[in-house]
Each structure stands twice: as C-alpha cells, then as structure tokens.
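Both backbone and side-chain heavy atoms feed into the values below; hydrogens, waters and symmetry mates do not.
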2 protein chains.
Amino acid sequence: MSFSVTILGCSSALPTSKRFTTAQVVNSLERFFLVDCGEGAQIQMRKYRVKMSKINYVLISHLHADHFLGLFGLIASFNLLGRKNPLHIVGPHQLKEMYFGMDKFLNNELNFPLHFHNLNYKKQELIFEDDKIIVESFPVKHRIPTCGFLFKEKRREKNLKKSVIEDYHLSIKDILKIKSGEDYLDKSGEIISNNKLTMPEKPLRSYAFCSDTMFKEKNIGFVQKVNLLYHETTYAKNKQKQAKSTYHSTTIDAANTAKMAQVQKLIIGHFSSRYKDLNVLLDEAKTVFEKTSLATDGKQFDLSYDKENQVVVIEKQLEEK
Amino acid sequence: MSFSVTILGCSSALPTSKRFTTAQVVNSLERFFLVDCGEGAQIQMRKYRVKMSKINYVLISHLHADHFLGLFGLIASFNLLGRKNPLHIVGPHQLKEMYFGMDKFLNNELNFPLHFHNLNYKKQELIFEDDKIIVESFPVKHRIPTCGFLFKEKRREKNLKKSVIEDYHLSIKDILKIKSGEDYLDKSGEIISNNKLTMPEKPLRSYAFCSDTMFKEKNIGFVQKVNLLYHETTYAKNKQKQAKSTYHSTTIDAANTAKMAQVQKLIIGHFSSRYKDLNVLLDEAKTVFEKTSLATDGKQFDLSYDKENQVVVIEKQLEEK
C-alpha cells in the first residue's frame with residue numbers, strides 16, 4: 001500500500017506565479033489527508049489529478065492566512081460535487097467559529113457532515129488511528145500556536161514462511177500468535193523463534209510535517225528517525241536575524257533538525273517569495289544534510305521499498321492536467 | 001489612454017485545472033478596478049503580470065463563494081507588500097462584517113485604510129466618478145442580490161484645429177469654451193460652428209460586466225450600445241431549464257442580450273465546469289450574435305481606435321510569467 005506526499009504549494013506568506021501557499025496531500029496507506037490548505041489548494045488538486053473526494057481529513061497547522069484560506073472554497077466545492085462522506089477538520093479552535101461566521105451569510109446547506117476537532121498546542125497528541133496508521137500532532141515554535149504532524153505506519157501482521165503450518169501442524173490460534181510476533185512452543189517443548197517461522201518484516205514508514213517553526217530542540221525528538229521530513233525553510237542562512245524575529249527557519253536550521261533527528265530524507269519548502277532560484281537554498285541545506293530535496297508545486301515523494309526491503313524515497317514531478 | 005479588460009478567471013462555481021473562478025481587471029483610462037475576486041485572483045495577477053498595487057477598487061457583484069473568496073488573501077498580501085494607499089471594497093453589505101469576523105482571529109494590523117461601500121441592489125447607482133470616467137452598478141437577476149457594473153469614459157475636452165487660435169485671435173476664455181464644445185461668435189458677429197474649430201472627437205468607450213444573471217429585459221437597457229459586454233454563459237442552450245432554475249444564462253440568453261442591446265462585441269464567460277471544449281458555447285452564441293468571443297484566463301480585451309478613429313476591440317492571450 002502506498003505512502004506518499006504530494007506538494008500542492010510551497011510558498012510562504014505570499015504566493016508567486018510558480019508557487020502556491022502551503023498545502024500538501026499525504027496518502028498514508030490509502031488514507032488521504034490534506035495538510036494545510038492555502039488559497040487555491042483545490043485548484044492544484046485538479047491540476048495534479050489528486051482525487052479530492054478521497055480526502056476525509058484536513059489538518060490545519062495554524063491560523064496564518066497562507067495555511068488555511070483555501071478551506072472555505074474547498075468545502076463549497078465538496079458540497080457542489082455532492083459529497084456525502086463526513087469531512088473532519090483538525091486545527092485551531094477558532095476555525096469552527098470562523099467557518100460558521102462566514103457561512104451564516106452564505107446560507108449554504110451542506111450535504112455532508114462537517115466535524116471540527118481542536119488541536120492541542122501544549123503537547124503531542126494522537127489525532128487519528130485505525131488498524132493501519134496513526135497520526136499525531138506536536139507543538140512547534142512559531143509566532144502563534146502551531147502544530148506539526150507525524151504520520152506513522154502501524155506494525156503489520158507478520159507473514160508465515162511457506163510450509164510452516166504443515167511442518168508444525170499449527171492451529172488457527174497458533175497462527176494468529178505467530179503472526180502477531182510471538183515465538184512458538186512446539187509439541188516437544190522446544191521454543192522456535194518467531195523469525196524462523198515468519199518472513200522478514202519490511203520496515204514501517206513514517207513522515208513528518210514541520211511548518212511553520214523556528215529551530216527548536218524539542219522538534220528533533222518529535223521527528224526522530226522518520227523516513228521523510230518536510231521542514232519549512234523560509235530563508236537562506238544570511239537571513240538568520242529575520243528568521244528569528246518572525247519565528248521561521250533558515251536552510252541551516254532545517255538541515256540541522258534533519259541531521260540531529262537522523263531522518264532519511266529532508267524536503268525543504270515554505271520559501272519566501274524573494275527567492276527566484278531555489279537552488280541557492282538547496283545547496284546551503286546540503287552543506288549540513290546531503291539528502292535534501294526541494295519542494296516544488298506538483299512534486300510527489302513516494303516512500304517505497306527496494307529489493308532488499310529497505311525504504312527508498314522516490315520523487316517525481318507530476319504532469320499538469 | 002488605455003481601456004482594457006483582463007480575464008483572471010472565467011469558471012462558474014467550480015474551478016477547473018484551466019479556469020479559475022470569476023475575477024477580472026478593468027483598466028479604464030489607467031484607473032484599475034478588480035471586478036469580482038474568486039479564489040486565487042492574486043495568483044492569476046502574478047501569473048499575467050497585472051500590477052496589483054495599481055488596484056484601488058474591488059467591486060464584488062454578489063455573495064456567492066466563487067465571486068469573493070480571493071478577497072481575504074488579496075488583502076493579506078497587500079498588507080505584506082507594504083501597501084499604504086486606501087483600498088475600497090464595493091459590494092454586498094455583509095462583506096464588511098464577514099471580513100472583520102475573520103480578521104478578529106488573525107489580529108492583522110493593516111498598514112492601509114480599508115473602506116467598505118455597500119452596493120444598491122434596487123436601482124442603478126453611481127459608484128465612482130472622476131474627471132475621466134464614471135462607473136455605475138445596476139441590479140441584475142440572480143438567486144441572491146447581484147449587481148452588474150458599467151464603465152464609461154466621460155466626455156473629453158475637444159482639441160482645437162491648428163492655427164484656429166491665430167486665425168480668430170482667441171482669448172483663453174474663448175479657447176476653454178470651444179474646448180468644452182461651444183460654438184464661437186467672432187468679432188463680425190458670425191457664428192462659427194464648433195466642429196469647424198476642433199478636431200473630430202473620438203467616440204467614448206464603455207464596458208459592461210453582467211454576471212451572474214438570468215436573461216432579463218431590464219439588463220438590455222443597462223448595457224445599451226456598450227463597446228464591450230461581458231455576459232455570463234453558464235450553460236449551453238440545451239440546459240435552458242437548469243439555467244432558469246439556478247438564475248443563470250445560456251449562450252442564447254447572453255447573445256440575445258448583446259443583440260438587443262446593440263453592443264459592439266460580446267465576451268461570454270462564467271462557464272460550467274462540465275464544458276471542456278468551449279467552442280460548443282461560442283458557436284451557439286454566434287448563431288445569434290456573430291461578434292462574440294470566449295473569455296479564457298489570461299485573455300485581454302483592449303478597446304483601441306483604428307485609423308478612422310472608430311473603436312476596435314483587440315484581443316490577445318497574455319503570456320504566463
């Protein structure tokens with residue numbers, strides 16, 4: 001089952017002619033989350049053929065305009081398209097009041113249930129869980145309360161090696177225990193270790209979204225060893241002062257976080273509109289953390305497995321419709 | 001001085017990958033008006049190099065999401081860009097409350113004065129006037145109160161023919177009278193008609209915006225003989241029933257309005273997202289009114305003069321930045 005991140009917008013406060021404001025779609029084992037919803041997110045989804053109807057959760061990191069202004073149009077479009085499935089908005093508590101404050105003038109009658117859930121800006125919290133994945137929020141450090149998000153694949157049932165059932169005459173109860181990871185005590189009293197009975201496990205994949213935030217040691221703990229980290233990089237390193245005063249990160253801040261958290265790959269994004277050539281930012285980040293990629297609108301990062309069952313990050317630029 | 005209309009979005013309720021929702025910039029003798037402000041209007045202005053800072057007036061025809069959702073991002077961007085000039089929003093009275101209802105959560109301090117003005121949905125009204133142009137609103141017929149807008153060049157001072165001043169020994173007072181259109185009584189008591197003294201006048205240019213509306217006879221009076229009429233055309237003629245029930249127009253409705261109002265040129269726009277090939281709509285409209293053009297995002301219509309001083313509409317597709 002796939003695990004991917006599709007960038008819809010990677011500009012900070014001001015959009016440019018090439019970069020929309022923050023929005024991305026996380027497909028975590030076919031559960032689709034829209035993470036932030038800058039103005040025009042719905043247009044980008046159409047342009048890059050993201051199936052909007054699959055999105056059941058919208059996570060809004062914080063209440064700055066470039067992270068949520070696309071929400072109202074998205075909800076209006078869902079309604080026009082005849083959506084019936086519930087839509088969950090997870091974000092700052094003010095969002096609900098803001099939405100209904102606007103809605104009262106529009107007299108829209110929604111065809112689908114719309115649920116608002118408040119983020120906890122004090123501590124890490126579980127915001128979604130099912131049999132396959134969990135999603136957590138964690139507080140980062142910005143001018144206003146802001147959360148990052150962590151997507152993790154849950155431990156899977158193990159697959160039994162061929163002929164094991166016959167060799168050991170396993171009952172259904174035995175099989176379930178072995179699939180869950182237990183060793184097996186055979187008829188003769190010998191303990192057969194689980195890895196002799198089961199296929200090697202593929203590592204579990206994870207992705208963390210960190211925007212907007214200044215460098216903060218606690219962030220490193222939250223995103224420890226994820227396969228893929230999206231970290232905001234509003235400024236180049238010569239704008240350290242400006243980054244600090246606006247509670248944003250430089251290339252070096254982002255790369256240091258990635259390095260210290262020992263992540264597999266870093267995506268930098270949320271670029272100030274002043275940067276026309278983003279390679280300046282990429283080169284700087286790479287001096288600290290080599291495995292860095294640039295976010296661009298329409299770029300997709302896919303967490304796959306190679307032949308040795310190791311996680312690899314494959315990136316491609318999606319074609320515009 | 002130029003008089004042009006630049007289409008930023010020509011989709012109805014749902015944007016598509018090619019068409020943003022309604023927004024256009026009217027440059028009426030270097031006075032710049034943003035007419036409607038669908039989601040992403042500011043992105044389109046960047047893409048098509050429209051100088052945002054020149055816009056001092058935003059006119060919002062009505063309170064449907066596809067006509068105003070870009071306003072909040074536009075105001076936020078103006079502020080980030082350090083705007084100082086006042087911005088005037090002319091639209092439904094609820095817009096002000098809606099804006100400040102959202103703003104109270106954002107704690108934005110605007111660097112520039114923001115003035116809201118209410119449209120009159122009962123009758124035609126003057127909404128802007130200076131020495132060069134006037135702009136009027138007029139009520140159209142939609143599900144909710146909606147206005148169209150009419151931009152008209154004001155009568156210009158006439159230019160005197162060469163040598164007239166010397167031939168008749170004109171005083172400054174005489175010159176001003178002749179420039180304003182008066183005939184001249186010469187020393188011998190003979191009346192010299194104004195057109196013998198002045199250069200031929202170029203016709204005054206005009207543009208009308210009509211969206212959203214169903215066909216309504218009164219509209220014809222409001223847009224009578226304009227050089228350029230933008231009229232919504234949400235549906236093809238086989239969707240007459242749907243057009244009527246949603247208070248929208250078909251190709252035939254738009255073309256009939258143009259024909260009966262004896263306009264020079266018709267632009268059709270505000271297309272339902274169901275139409276991939278817009279030529280179907282164009283062909284239908286042309287059966288009634290030949291001088292019809294399609295709106296497309298980034299198309300500019302320029303009201304110029306030909307060698308005989310007649311108004312011509314020149315259209316071109318702007319390059320994307």
Engineer: Can you confirm whether A:Leu69 sits close enough to B:Glu39 that some side-chain heavy atom of one is under 4.5 Å from a side-chain heavy atom of the other?
Structural biologist: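 Answer no - side chains too far apart.
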
Engineer: As an exercise: rank A:Asp66, A:Leu106, A:Leu95 by heavy-atom pairs under 4.5 Å with chain B and give me the winner.
Structural biologist: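 Option with the greatest count: A:Leu106.
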
Engineer: Begin from the C-alpha positions of A:Met102 and B:Phe72 and carry the test side chain to side chain contact (heavy atoms under 4.5 Å, CB included) through to its verdict.
Structural biologist: CA-CA 12 Å; A:Met102 182 179 282; B:Phe72 308 102; 3.5 Å; yes

Engineer: Any donor-acceptor pair under 3.5 Å linking the side chain of A:Lys18 with the backbone of B:Lys321?
Structural biologist: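 The answer is yes, because a donor-acceptor pair under 3.5 Å joins these two groups.
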
Engineer: Please state whether the side chain, the backbone, both or neither of A:Leu63 comes within less than 4.5 Å of a heavy atom of chain B.
Structural biologist: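 Backbone plus side chain of A:Leu63, per the 4.5 Å heavy-atom cut-off to chain B.
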
Engineer: Please check if the number of heavy atoms outside A:Tyr247 that lie under 6.0 Å from its OH is greater than 12.
Structural biologist: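 No - once you tally the heavy atoms of other residues, nucleotides and ligands closer than 6.0 Å, there are 12 at most.
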
Engineer: Which bit of A:Phe68 comes within less than 4.5 Å of chain B, counting heavy atoms only: side chain, backbone, both or neither?
Structural biologist: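 Contact with chain B: side chain only.
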
Engineer: For the NE2 atom on B:His93, are there more than 12 heavy atoms of other groups (residues, nucleotides or ligands in this structure) within a distance under 6.0 Å?
Structural biologist: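 Not more than 12 within 6.0 Å, no.
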
Engineer: Would you check if B:Glu97 and A:Lys104 make a side-chain contact, meaning some heavy-atom pair closer than 4.5 Å?
Structural biologist: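 B:Glu97 reaches A:Lys104 side chain to side chain.
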
Engineer: Distance from A:Gln42 atom CD to B:Thr16 atom OG1, nearest 0.5 Å?
Structural biologist: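 These two atoms lie 10.5 Å from each other.
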
Engineer: Inspect the surroundings of NZ in B:Lys216 and state if more than 12 heavy atoms from other residues, nucleotides or ligands are less than 6.0 Å away.
Structural biologist: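 Correct, the count exceeds 12.
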
Engineer: If I take atom CE from residue A:Met45 and atom OG from residue B:Ser17, how far apart are they, to the nearest 0.5 angstrom?
Structural biologist: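 One finds 13.5 Å between CE of A:Met45 and OG of B:Ser17.
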
